[in-house]
Amino acid sequence: MTRSPGWLLHQPTGPLATVLAAAGHPARFEILQLLVIGPKPVADLQTELALASPGQLYHHLKTLASAGLIEQPERGVYRVPPHAIFPILALAAAATDVIERSSTPVEPHDPPG
């Protein structure tokens, strides 16, 4: 990443907001956490996420794909494209930094380690 803060602050807000909104939903961010590790079939995602219906999962997958955060390399399988892995990790790191410096307690999903 070799972009200056000034350049970043002058980017059109619409596309940035689309990506942030797609990643900002709890179920969608959980999907990203699962897929950043490697590709997964829809059936595995459905099982791991325990969503009420396959329709909910497909809605979230469509939103993430439209934002360019995931892709479908083969039928029924999704992954984070290589160019999006670091940005997703950076979003998680940035959010963690904000959480740790805020006064709002957040319950961790997993123990630190």
Side-chain angles (χ1 to χ4, degrees):
M1 307 280 305
T2 59
R3 300 198 168 110
S4 71
W7 182 87
L8 289 169
L9 294 174
H10 288 93
Q11 296 307 297
T13 57
L16 295 175
T18 297
V19 171
L20 293 172
H25 187 282
R28 291 193 289 264
F29 201 81
E30 191 171 359
I31 291 168
L32 292 173
Q33 288 176 312
L34 293 169
L35 294 179
V36 81
I37 296 165
K40 285 197 180 285
V42 171
D44 290 357
L45 290 171
Q46 183 69 36
T47 300
E48 291 185 52
L49 294 167
L51 294 172
S53 73
Q56 286 180 318
L57 176 58
Y58 281 106
H59 168 75
H60 292 311
L61 292 171
K62 181 179 177 183
T63 301
L64 290 168
S66 294
L69 292 168
I70 65 168
E71 62 186 12
Q72 190 176 13
E74 60 186 87
R75 186 176 174 94
V77 175
Y78 288 86
R79 71 175 186 172
V80 171
H83 71 270
I85 292 172
F86 179 77
I88 290 167
L89 294 174
L91 281 173
T96 300
D97 285 349
V98 171
I99 291 165
E100 288 176 350
R101 288 169 176 78
S102 74
S103 60
T104 307
V106 176
E107 295 183 29
H109 264 263
D110 297 315

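Below, all heavy atoms of this structure are taken into account, side chains as well, without hydrogens, waters or symmetry copies.
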Could you tell me whether the side chain of E71 and the main chain of R79 form a donor-acceptor pair under 3.5 Å? no
Answer yes if L64 and I85 sit in the same cluster of Ile, Leu, Val, Met, Phe, Trp and Tyr residues linked by side chain heavy atoms under 4.5 Å apart, and no otherwise. yes
Check the hydrophobic clustering (I, L, V, M, F, W, Y; side-chain heavy atoms under 4.5 Å; chains of links allowed) and say if I70 and L89 are grouped together. yes
Single-linkage hydrophobic cluster Y78~V19, side-chain heavy atoms < 4.5 angstrom: yes
So do the side chains of H25 and T63 get within less than 4.5 Å of each other, counting heavy atoms only? no
Testing L45, D44, V80 for side chain to side chain contact (heavy atoms under 4.5 Å, CB included) with L34, which one passes? L45
With clusters defined by side-chain heavy atoms of hydrophobic residues (ILVMFWY) lying less than 4.5 Å apart, directly or transitively, does L49 cluster with I37? yes
Before you tell me yes or no, could you show the steps for L91 and L32 under side chain to side chain contact (heavy atoms under 4.5 Å, CB included), namely the whole-Å CA-CA distance, both residues' side-chain angles and the distance that decides it to 0.1 Å? CA-CA 11 Å; L91 281 173; L32 292 173; over 6 Å; no
For the pair H59 and R28, evaluate side chain to side chain contact (heavy atoms under 4.5 Å, CB included) and give the outcome as yes or no after the intermediate values. CA-CA 10 Å; H59 168 75; R28 291 193 289 264; 4.1 Å; yes
For residues A22 and A67, report the shortest heavy-atom separation together with the two atoms involved. CB-CB, 3.6 Å
Are I99 and F29 joined in one hydrophobic group, where the rule is that I, L, V, M, F, W and Y side chains link up if heavy atoms are under 4.5 Å apart? no
Any L35 side-chain heavy atom under 4.5 Å of L69 side chain: no
In Å, rounded to the nearest 0.5 Å, how long is the span from CG of L51 to OG1 of T47? 10.5 Å
To the nearest 0.5 Å, atom CG of L61 lies from atom OG of S66 at 10.5 Å
